Amino acid sequence: MTENTPVVPQPPMALPPSPKMSAGQKWAIKIAIIAGALLVLQLPLLLVRTLTADRQSQYENVQQEIASSWGGEQNIGLLTRAENENISAEITPEIRYRGIYQAVVYTAKVTINAEYKNLPAATAAGVKVSDVKGITDAAVTVNGESAPLNDKLQFQLPRGDSKCEIVLTLRGSGGLLFAPGAKNSSFAVSGAWDSPGFVGDVLPQNRTIDGENFTAKWNLGKFNNSAENIGVRLHISAGTYQQVERCFTYATFFLIIFFFTLLAAEIITKTNIHVLQYLVAAGAPVLFYLMLLAFAEKIGFTAGYAVSMAIIVSMVTMYAGMFLGKTVPALVIGGVFTAGYLINFVILRMEDFALLTGTIILAVILAVIMMLTGKINRNQNDVKR
């Protein structure tokens with residue numbers, strides 16, 4: 001080649017065509033990202049759950065503070081074993097508030113009739129009360145006559161047979177329990193409360209809960225008079241924090257339903273939903289639990305659940321309408337989301353059948369997902385073959 005020979009430019013090398021990603025590969029990547037998002041979203045769920053536990057701990061501390069100044073759980077029993085005892089108690093409960101927290105306290109009038117037989121010379125008798133500072137009044141009669149009562153709630157019984165009556169007015173919180181202290185014991189407790197819990201070694205033979213009032217009766221004889229404690233505890237029906245805590249049991253399950261609802265919408269509407277839109281939309285069901293905790297503390301669990309559900313469903317429906325560009329599918333997603341929350345609420349209420357109901361619903365949802373995703377990796381050539 002000489003210096004004057006012209007240089008012929010070479011055509012540029014053609015780049016090899018980039019491999020086209022199949023629909024199946026795209027779905028696999030999207031589902032893998034969603035699965036990773038499910039793992040990442042456990043962190044904010046854990047933080048909200050920790051916050052719920054912290055608020056419940058504060059609530060329990062407030063209950064203890066109120067109990068320490070008012071009177072704790074009272075446990076009452078005779079100091080000296082009797083032949084027969086008959087105890088009746090009328091409880092007047094009330095709710096005390098400190099900030100947003102509340103605790104159940106009560107004032108009770110307790111009447112103890114005890115019968116002693118064949119006592120030796122002057123015997124000391126009395127009554128044991130677990131939290132003495134809750135006593136506001138006490139009186140004793142022995143064989144129909146008033147008897148002196150010392151600061152330890154003790155008095156003297158004469159030789160032979162005696163009958164005494166002890167009347168106590170006392171304050172307490174949480175519960176009122178009795179320790180049987182006779183060969184034959186009978187107890188009757190009543191009060192104005194809609195959710196009493198009957199506790200102890202022996203449950204009452206007769207009990208009624210009528211609206212906001214309850215009664216309970218025990219009869220203990222030689223076959224079951226070894227019971228240590230019986231009585232009633234006053235609960236606030238289904239505490240707010242306990243119900244919010246139970247919601248977290250189904251949190252991950254609910255997120256899975258949410259993601260697969262969006263996947264189903266993408267398949268049916270043939271609209272490509274960006275992965276970022278999946279992740280942004282997933283923030284709504286996570287926010288639901290924080291919103292539920294905040295509202296439930298102020299207006300109660302049921303009302304808080306309804307308000308939180310309405311806000312979150314509205315947000316998801318509006319956002320789905322934006323990225324789908326269609327109103328009807330967005331409304332369907334909102335309807336599915338609403339149904340999911342309502343089912344979740346019903347499961348929370350069905351304590352005895354929660355596991356069975358949840359399992360059946362999960363099986364139905366999985367069957368629907370199988371139907372929607374069964375042909376996700378097939379193309380037209382596969383169909384022809």
Side-chain angles (χ1 to χ4, degrees), residues 63-98 102-116 119 122-158 162-182 185-193 196-200 204 212-218 228-235:
Q63 285 186 313
Q64 292 175 2
E65 291 174 6
I66 293 175
S68 65
S69 57
W70 177 270
E73 182 174 88
Q74 297 289 11
N75 194 323
I76 301 171
L78 291 175
L79 184 63
T80 304
R81 190 168 182 81
E83 188 72 20
N84 300 293
E85 66 176 344
N86 187 316
I87 300 178
S88 62
E90 177 68 29
I91 302 175
T92 304
E94 59 180 295
I95 297 178
R96 291 295 176 100
Y97 294 89
R98 183 167 298 177
Q102 58 185 4
V104 183
V105 300
Y106 64 81
T107 301
K109 182 178 180 180
V110 180
T111 303
I112 305 172
N113 287 286
E115 182 179 357
Y116 296 88
L119 292 175
T123 301
V127 60
K128 298 176 291 185
V129 178
S130 57
D131 193 353
V132 179
K133 71 175 180 292
I135 297 175
T136 59
D137 191 23
V140 177
T141 59
V142 177
N143 296 328
E145 297 182 1
S146 179
L149 186 68
N150 65 24
D151 58 357
K152 294 182 179 179
L153 298 176
Q154 295 178 355
F155 55 93
Q156 294 294 318
L157 293 175
S162 295
K163 292 183 179 180
C164 66
E165 182 181 76
I166 308 165
V167 180
L168 301 174
T169 303
L170 73 166
R171 305 190 307 184
S173 60
L176 178 62
L177 306 178
F178 301 96
S185 304
S186 63
F187 303 91
V189 182
S190 61
W193 195 251
F198 303 109
V199 296
E212 297 182 352
N213 300 287
F214 74 90
T215 61
K217 294 181 180 180
W218 292 260
E228 293 185 0
N229 288 297
I230 60 172
V232 62
R233 287 196 174 98
L234 307 179
H235 302 286

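Heavy-atom basis, side chains included; hydrogens, waters and symmetry copies ignored. Numbers for residues simply follow the sequence, beginning at 1. If you're wondering where the values come from, they're calculated on a predicted model, not measured in any experiment.
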Working for side chain to side chain contact (heavy atoms under 4.5 Å, CB included), residues Ile166 and Leu78
CA-CA 10 Å; Ile166 308 165; Leu78 291 175; 4.2 Å; yes
Starting at [atom1] of [X], measure out to [atom2] of [Y] and round the result to the nearest 0.5 Å.
| X | Y | atom1 | atom2 | value |
| --- | --- | --- | --- | --- |
| Leu153 | Leu79 | CG | CG | 9.5 Å |
| Ile87 | Ser186 | CD1 | OG | 8.0 Å |
| Glu94 | Thr107 | CD | OG1 | 6.0 Å |
| Glu83 | Glu115 | CD | CD | 7.0 Å |
| Phe187 | Leu176 | CZ | CG | 10.5 Å |
| Ile95 | Ile66 | CD1 | CD1 | 10.5 Å |

Using a 3.5 Å distance criterion without hydrogens, assess whether the side chain of [X] forms a donor-acceptor pair with backbone atoms of [Y].
| X | Y | answer |
| --- | --- | --- |
| Gln74 | Arg171 | yes |
| Glu85 | Gly181 | yes |
| Tyr116 | Thr80 | yes |
| Ser173 | Gly71 | yes |
| Ser130 | Glu73 | yes |
| Trp70 | Gly172 | yes |
| Thr136 | Thr169 | yes |
| Tyr106 | Leu170 | no |

Pick from Ile76, Val189, Asn75: which one makes a side-chain contact (heavy atoms from CB on, under 4.5 Å) with Leu177?
Asn75
For atom NZ of Lys152, is the number of surrounding heavy atoms from other residues, nucleotides or ligands below 6.0 Å larger than 12?
no
Can you establish whether the number of heavy atoms outside Glu212 located under 6.0 Å from its atom CD is more than 12?
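Check fails, neighbour count at 12 or below.
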Please give me the minimum heavy-atom distance between [X] and [Y], naming the atom from each residue.
| X | Y | answer |
| --- | --- | --- |
| Pro148 | Phe155 | O-CB, 3.3 Å |
| Pro93 | Val104 | CB-CG1, 4.5 Å |
| Phe198 | Thr215 | CZ-O, 4.3 Å |
| Asn143 | Ser162 | OD1-CA, 3.4 Å |

I would like to know whether Ser185 and Phe178 meet side chain to side chain contact (heavy atoms under 4.5 Å, CB included); could you show each step before the answer?
CA-CA 11 Å; Ser185 304; Phe178 301 96; over 6 Å; no
Can you list the steps and then say if Val110 with Val127 is a side chain to side chain contact (heavy atoms under 4.5 Å, CB included)?
CA-CA 11 Å; Val110 180; Val127 60; over 6 Å; no
Is any NZ, NE, NH1 or NH2 atom of the basic residue among Glu165 and Lys163 found under 4.0 Å from an Asp or Glu carboxylate oxygen of the other?
no
Are any non-hydrogen side-chain atoms of Phe214 and Leu234 less than 4.5 angstrom apart?
yes
